[in-house]
Amino acid sequence: LNVSIASQCGRDEICDSNLRIELLNIKYLTVSGEEYVDQSQLTVDAVDRVDVSLSFENLGENAFNAFITFELPRNIFTHRQVLPQSTLIRCNDTTHLNLTHANYRCPLRPTINKGDVIGAISLRWQVEPLRGDEGTVTIPISIFVPTGGINRENITNNNKDYADFSITSISQYFVAILFSSDQVSYQGNFTPRVDNMASNL
């Protein structure tokens with residue numbers, strides 16, 4: 001039995017892929033799944049989830065076993081799931097012992113042929129409770145093929161994109177004012193006590 005296998009990797013039989021990734025959109029969702037009113041920044045305690053949509057294509061020869069990677073700060077995000085257009089992509093935390101950051105690796109389909117364009121990949125991240133912190137966080141998102149052979153993405157910058165989040169947190173403060181049912185009145189140089197139900201605030 002003879003089986004013909006076509007890798008379409010040129011005469012040298014080394015696949016020189018050229019993977020390109022592009023960040024399309026970022027949406028902030030409330031706990032009910034609706035879009036948050038202010039889409040200009042991630043408001044912690046008001047935004048429950050973040051959807052990051054991206055697309056990628058292969059400008060070179062066939063790419064095999066390609067995967068997406070991204071890194072999340074644990075104090076702001078946890079990864080829940082990835083929602084692609086067709087089949088579910090599972091992302092694994094490859095640095096589960098790291099207490100500050102989590103690096104995720106998401107295998108894509110086995111073969112991305114030359115000229116393939118794939119869009120509507122949605123990374124969904126859960127927002128962690130955050131108190132008293134604000135600023136900007138940058139999350140790199142990349143696409144690679146396993147090491148071995150010639151990978152053009154190692155020498156080009158089109159296989160990386162960055163999600164920049166301006167983050168603010170909602171802080172709620174409660175002031176409790178306690179006073180007794182007695183009002184102390186002052187007159188002259190001494191302090192006689194007058195019993196009544198009054199309070200001057």
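- The two residues F67 and P107 make their nearest non-hydrogen contact at CB-CA, 3.8 Å.
- Taking OG of S55 as the start and CD1 of I21 as the end, the distance is 8.0 Å to the nearest 0.5 Å.
- Taking every heavy atom of both residues into account, D51 and S122 meet most closely at CG-OG, 3.7 Å.
- R105 contributes atom CZ, which lies 12.0 Å from atom CD1 of I68 (distance to the nearest 0.5 angstrom).
- Checking side-chain atoms of N113 against main-chain N and O of D116 turns up no donor-acceptor pair under 3.5 Å.
- Side-chain contact between N98 and E71: absent, with no pair of heavy atoms (C-beta onward) separated by less than 4.5 Å.
- Taking every heavy atom of both residues into account, C91 and H79 meet most closely at CB-CE1, 3.4 Å.
- Side-chain atoms of R20 and N18, non-hydrogen and from C-beta on, never get closer than 4.5 Å to each other.
- Side-chain contact check for I139 versus V52: every heavy-atom pair is 4.5 Å or farther apart.
- Here the straight-line distance linking atom CG of N92 with atom SG of C106 works out to 8.0 Å at 0.5 Å rounding.
- The side-chain heavy atoms of F144 and N159, taken from C-beta on, include a pair separated by under 4.5 Å.
- Under the ring-ring contact (aromatic ring centres under 6.0 Å, His included) criterion, Y28 pairs with no residue, sequence neighbours left out.
- In this structure, the side chain of T94 engages the main chain of N103 through a donor-acceptor pair within 3.5 Å.
- There is a side-chain donor-acceptor pair under 3.5 Å between T138 and D164.
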Checking side-chain contact (heavy atoms from CB on, under 4.5 Å) for the pair I141/L123: CA distance, chi angles, key distance, verdict? CA-CA 10 Å; I141 305 174; L123 304 175; 4.1 Å; yes
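- To the nearest 0.5 Å, the span separating OG1 on T136 from CD on Q41 amounts to 9.5 Å.
- Close placement of the F77 and F165 rings is indicated, their centers lying within 6.0 Å of each other.
- In terms of the side chain to side chain contact (heavy atoms under 4.5 Å, CB included) criterion, residue partners of S40 (sequence neighbours excluded) are, by chain and number, D38.
- To the nearest 0.5 Å, atom OH of residue Y162 and atom CG of residue L23 are 12.0 Å apart.
- In this structure, CD1 on I26 lies 10.0 Å from CG on L54, to the nearest 0.5 angstrom.
- For A63 against N58, the heavy-atom pair with the smallest separation is N-ND2, 3.5 Å.
- Closest heavy-atom contact between H101 and P73: CD2-CA, 3.8 Å.
- Remark: the backbone N or O of T78 is not paired with any side-chain donor or acceptor of Q126 at under 3.5 angstrom.
- When each of V47, D45, T43 is paired with T168, the side-chain contact (heavy atoms from CB on, under 4.5 Å) condition holds for T43 and for no other.
- With sequence neighbours excluded, the residues forming a side chain to side chain contact (heavy atoms under 4.5 Å, CB included) with E35 are K27, L29, Q39, listed by chain and number.
- Here the side chains of I76 and E128 are not in contact, with every heavy-atom distance at 4.5 Å or above.
- Between Y104 and W125, the ring center distance fails the sub-6.0 Å criterion.
- No side-chain heavy atom of I112 sits under 4.5 Å from any side-chain heavy atom of S17.
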